[in-house]
Asker: 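Below: one structure in structure tokens.
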Amino acid sequence: AENEVLQTKADSDDETIREFGGHVSKTNPDFVLTFDGNSVHWPYLVKRADKTKTPLRVGRDGGPPHQSLYGHYSLIGRANVDLLNFADDLYAVKNKTIEDVAKYLGIELSSQNPIDETAYFEHWSNLNQRKNLVKHVEEQTKAILKIGQEAIDYVIQMSALSGLPPDQVIAAAVGFRVDNYLMMETHNLGQLIPSRMEQPIIPYKGAIVLEPKIGLHDNVASLDFSSMYPSLMIKYNISPDTLITGRETDDIFEVPEVRHRFRNHPSGFYRIVLTKLIEARKTTKAELKRTAPSDPRYTLLKAREKAIKVMTNAVYGYAGWAGARWYSKEVAESAAALGRETINRAISIAKSLGLTVFYGDTDSLFVNHDEKLVQKFQGEIDRQLGLEINLTEVYKRILFTEAKKKYAGLKTDGQIDVVGLEAVRGDWSNLARDVQNTVLRMVLEDAKPDRAATYVKGLAADLRSRMLPLSAYVIWKTLTKPVAAYEVNAPHVEAAKKMAKEGWSVTAGDKVGFVITKKTGKLYQKAEPHYKVSTDDIDYDYYVNNQIIPAAARILEVLGLTENQLIAEPGSQARLSGRSERG
DNA sequence: TACTGTGGCCGTGGTC
DNA sequence: GACCACGGCCAC
């Protein structure tokens with residue numbers, strides 16, 4: 001039946017594997033979906049099948065999966081799609097879990113309290129809890145299918161664009177997708193494909209980030225150049241095959257600052273492909289406008305538009321990648337230099353019109369939202385620079401901190417955009433993130449710090465009596481290399497070592513959740529794996545002094561408050577314990 | 001072939 | 001306490 005969940009009652013590995021293969025053959029799917037299957041489920045199944053000498057019949061040929069390109073497992077006659085790879089293409093999703101990806105895609109999950117992986121064994125061991133675990137896995141399976149339904153159009157479109165098979169394209173890194181796409185286009189143009197060469201990595205100067213105007217500002221607009229790097233590469237014919245290495249001086253363009261020179265004619269390879277991509281996106285967008293959302297073609301067109309956008313935006317970075325077939329440091333460096341010139345000229349134009357520039361990063365500018373002036377500004381950008389700049393957001397009130405890339409704005413719909421701050425970082429506790437979000441809302445709504453300061457002081461004074469769940473205190477950090485490879489001690493590495501000692505397989509790429517406990521010594525000595533900690537072990541002073549106060553102060557310092565002014569009144573635990581942990 | 005780029009912040013450990 | 005490297009994550 002459609003969307004039927006199949007469960008096995010088999011109580012041995014070989015029986016389970018056989019039954020699984022039977023189900024796959026019977027269902028005979030074109031797509032097989034997993035979440036993290038390439039690194040977890042397929043390798044595990046293959047190993048167990050080997051060990052028990054059971055045939056794993058999952059391909060259309062009745063054969064086992066094969067290890068293939070890009071760390072991907074291939075099933076003959078079927079597209080095996082690991083949806084974790086799809087999640088990697090969803091930049092707005094920070095935490096790549098089934099639950100968070102589903103939530104982002106608007107998929108409703110019936111289970112509100114997913115079971116953490118570290119608790120699986122405990123649930124399995126207890127017969128009463130085992131039912132819950134089975135239910136949880138069933139829920140996840142249903143979610144995977146729904147995520148897959150959202151993913152498949154995109155996967156197919158990315159496959160059509162890049163020329164890579166659908167099961168491989170989503171596993172392939174961005175650079176290889178671009179590489180493949182360009183190879184296809186070369187073929188269309190009747191040109192030869194350069195071979196890949198081992199090249200040294202030469203760094204070059206990138207974009208400009210402006211110093212923000214610190215404080216709260218009312219009625220601010222943000223504007224973005226549309227596809228800035230691709231537009232500049234097209235405009236000035238920036239391409240490896242138009243780069244001048246000799247003495248030519250006729251019909252050329254010299255890039256400011258870096259002084260690389262490019263022929264204006266004929267059009268280079270990058271201009272041809274980028275123009276084609278941008279035109280294709282325009283066509284798709286226009287078609288989308290004529291199509292009703294209920295039309296089955298609508299989601300397909302949406303997926304196509306997204307795939308083209310992702311590919312277009314990847315070309316500049318690809319050009320500066322030493323592993324690219326069409327690598328050219330001069331090309332990437334020139335695009336970056338032209339970007340810097342563009343933003344600088346835009347700032348001058350804005351100022352000359354009487355606009356105030358509050359902040360800007362790479363291809364964006366924040367100015368006071370004077371509607372007439374902003375429209376005039378957009379017109380001047382078109383007239384003087386031949387580029388398009390779009391109004392992307394209007395903020396009723398926005399707060400810039402002293403730091404670049406960290407700000408928050410109250411939108412006209414009442415929603416708050418948080419950028420770069422602790423509240424959107426995965427390596428801070430939920431507690432700190434929640435506190436900062438609350439403080440931001442209070443400050444942006446009130447335009448003064450009083451209410452937020454009172455809230456923070458109250459929380460800091462009696463954190464432990466709030467009885468927050470342990471999950472509020474867990475800090476997650478990725479292990480970027482094997483534990484043995486670390487040069488210095490760090491809390492998440494220490495927690496990973498403790499997990500490894502207990503038999504967990506902790507490898508590079510894993511996220512380690514830890515809690516700072518009351519143990520003595522350096523912070524890394526106080527860090528414990530989250531599943532071993534109870535709320536009695538929590539070092540509340542640490543969470544007040546090193547999580548709540550810094551996260552709140554980052555915002556409230558903008559309005560003149562100091563960290564000291566946020567610490568609880570004398571007499572409270574937090575005050576008495578001092579702030580010995582902070583330098 | 002499991003690396004698209006640079007700019008930036010900041011906590012923590014470790015040394016002087 | 002000052003200073004710096006390491007390490008992780010984020011903006012664009």
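Heavy-atom basis, side chains included; hydrogens, waters and symmetry copies ignored. What you see is a predicted model; the values in this text were computed from it and never measured. Below, read A as the first sequence line, B as the second, and so on, with proteins coming before strands; counting in each chain starts at 1.
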Asker: Which part of the nucleic acid, if any, lies within reach of A:Gly320 when heavy atoms closer than 4.0 Å are counted: base, sugar-phosphate only, or nothing?
Answerer: sugar-phosphate
Asker: Describe the nucleic acid contact of A:Tyr229 in one word from base, sugar-phosphate, nothing, applying a heavy-atom distance below 4.0 Å.
Answerer: nothing
Asker: Select base, sugar-phosphate, or nothing to describe what A:Ala332 touches, counting heavy atoms under 4.0 Å on all strands.
Answerer: nothing
Asker: Mind checking if A:Trp428 touches a base, just sugar-phosphate, or nothing, with heavy atoms under 4.0 Å?
Answerer: sugar-phosphate
Asker: In terms of side-chain heavy atoms of A:Val174, which of B:dT4, C:dG8, B:dG13 is nearest?
Answerer: B:dT4
Asker: Taking the minimum atom-to-atom distance to the side chain of A:Tyr524, which one of C:dA11, B:dG13, B:dT4 wins?
Answerer: B:dG13
Asker: Among the candidates B:dT12, C:dG8, C:dA11, find the nucleotide nearest to the side-chain atoms of A:Lys405.
Answerer: C:dA11
Asker: Atom CG of A:Asn313 to atom P of C:dC12: distance rounded to whole Å?
Answerer: 14 Å
Asker: Is the charged tip of A:Lys306 near the ring of A:Tyr154: under 6.0 Å from the six-membered ring centre and within 45° of its axis?
Answerer: yes
Asker: A:Lys404 has an atom NZ; how far is it from atom C1' of B:dG7, in whole Å?
Answerer: 8 Å
Asker: With respect to the side chain of A:Thr480, which nucleotide from C:dG8, B:dG14, C:dC12 is positioned closest?
Answerer: C:dG8
Asker: Do the rings of A:Tyr359 and A:Phe366 sit parallel, tilted or perpendicular, given the 30° and 60° boundaries?
Answerer: tilted
Asker: Please confirm whether the shortest side-chain N or O distance from A:His492 to OP1 or OP2 of C:dG8 is below 4.0 Å.
Answerer: yes
Asker: Tell me the interatomic distance from A:Tyr181, atom OH, to B:dT1, atom P, rounded to whole angstroms.
Answerer: 25 Å
Asker: Which is true for A:Val419 with a 4.0 Å heavy-atom rule: it touches a base, it touches only sugar-phosphate, or it touches nothing?
Answerer: sugar-phosphate
Asker: Under a 4.0 Å threshold between the charged nitrogen and the carboxylate oxygen, would A:Lys518 count as salt-bridged to A:Asp539?
Answerer: no
Asker: Could you tell me how far apart A:Glu333 (CD) and B:dT6 (C1') are, to the nearest whole angstrom?
Answerer: 12 Å
Asker: Give the rounded distance in Å between these two atoms: CG of A:Leu210 and C1' of B:dG8.
Answerer: 13 Å
Asker: Roughly how many Å apart are C:dG8 and B:dC3, using the P atom of each and rounding to a whole number?
Answerer: 15 Å
Asker: Considering only side-chain heavy atoms of A:Asn489, which listed nucleotide, B:dG14, B:dT6, C:dC9, is closest?
Answerer: B:dG14
Asker: Run the side-chain donor-acceptor check on residues 477-493 of chain A: report pairs under 3.5 Å with partners two or more places apart or on a different chain.
Answerer:
unit_1   : atom_1 : unit_2   : atom_2 : d
A:Thr480 : OG1    : A:Tyr486 : OH     : 3.3
A:Tyr486 : OH     : A:Thr480 : N      : 2.9
A:Asn489 : ND2    : A:Tyr524 : OH     : 3.2
A:His492 : NE2    : A:Thr478 : O      : 3.4

Asker: Does the base of C:dC10 carry an N or O that pairs as donor and acceptor with the side chain of A:Arg425 under 3.5 Å?
Answerer: no
Asker: Would you indicate which nucleotide in C:dA11, B:dT12, C:dC6 comes nearest to any side-chain atom of A:Glu487?
Answerer: C:dC6
Asker: Is the shortest side-chain N/O distance from A:Arg554 to OP1 or OP2 of B:dG11 below 4.0 Å?
Answerer: yes
Asker: Has A:Thr362 got a side-chain N or O lying under 4.0 Å from the OP1 or OP2 atom of B:dT6?
Answerer: no
Asker: Please report the distance, rounded to the nearest Å, between CG in A:Leu523 and P in C:dG7.
Answerer: 16 Å
Asker: For A:Arg177, is there an ion pair with A:Asp89 - N to carboxylate O distance below 4.0 angstrom?
Answerer: yes
Asker: Check this for me, if you would: do A:Arg340 and A:Glu257 make a salt bridge, where the nitrogen-to-carboxylate-oxygen distance has to be below 4.0 angstrom?
Answerer: yes
Asker: Pick base, sugar-phosphate or nothing for A:Tyr407, based on heavy-atom distances below 4.0 Å to the nucleic acid.
Answerer: sugar-phosphate
Asker: Once you apply a heavy-atom cut-off of 4.0 Å, does A:Gly323 come out as touching a base, just sugar-phosphate, or nothing?
Answerer: nothing
Asker: Check every strand shown and say whether A:Val493 touches a base, only sugar-phosphate, or nothing at a heavy-atom separation below 4.0 Å.
Answerer: nothing
Asker: For A:Ala207, report the nucleic acid contact type (base, sugar-phosphate, nothing); a contact means any heavy atom under 4.0 Å.
Answerer: sugar-phosphate
Asker: Hey, does A:Lys481 reach any base, or is it just sugar-phosphate, or nothing, if we go heavy atoms under 4.0 Å?
Answerer: sugar-phosphate
Asker: Between A:Arg325 and A:Pro203, just flag the one whose closest nucleotide in DNA chain B comes earlier from the 5' side.
Answerer: A:Arg325
Asker: Return yes when atom NZ of A:Lys309 has more than 12 non-hydrogen atoms of other residues, nucleotides or ligands closer than 6.0 Å, and no otherwise.
Answerer: no
Asker: Roughly, in whole Å, what's the span from CZ in A:Arg196 to C1' in B:dA2?
Answerer: 12 Å
Asker: Could you give the CG-to-P distance, from A:Asp510 to C:dG8, as a whole number of Å?
Answerer: 13 Å
Asker: If only side-chain N and O atoms of A:Tyr204 are considered, is one of them under 4.0 Å from the OP1 or OP2 phosphate oxygen of B:dT4?
Answerer: no
Asker: Please tell me if A:Tyr486 has a side-chain N or O lying less than 4.0 Å from either OP1 or OP2 of C:dG8.
Answerer: yes
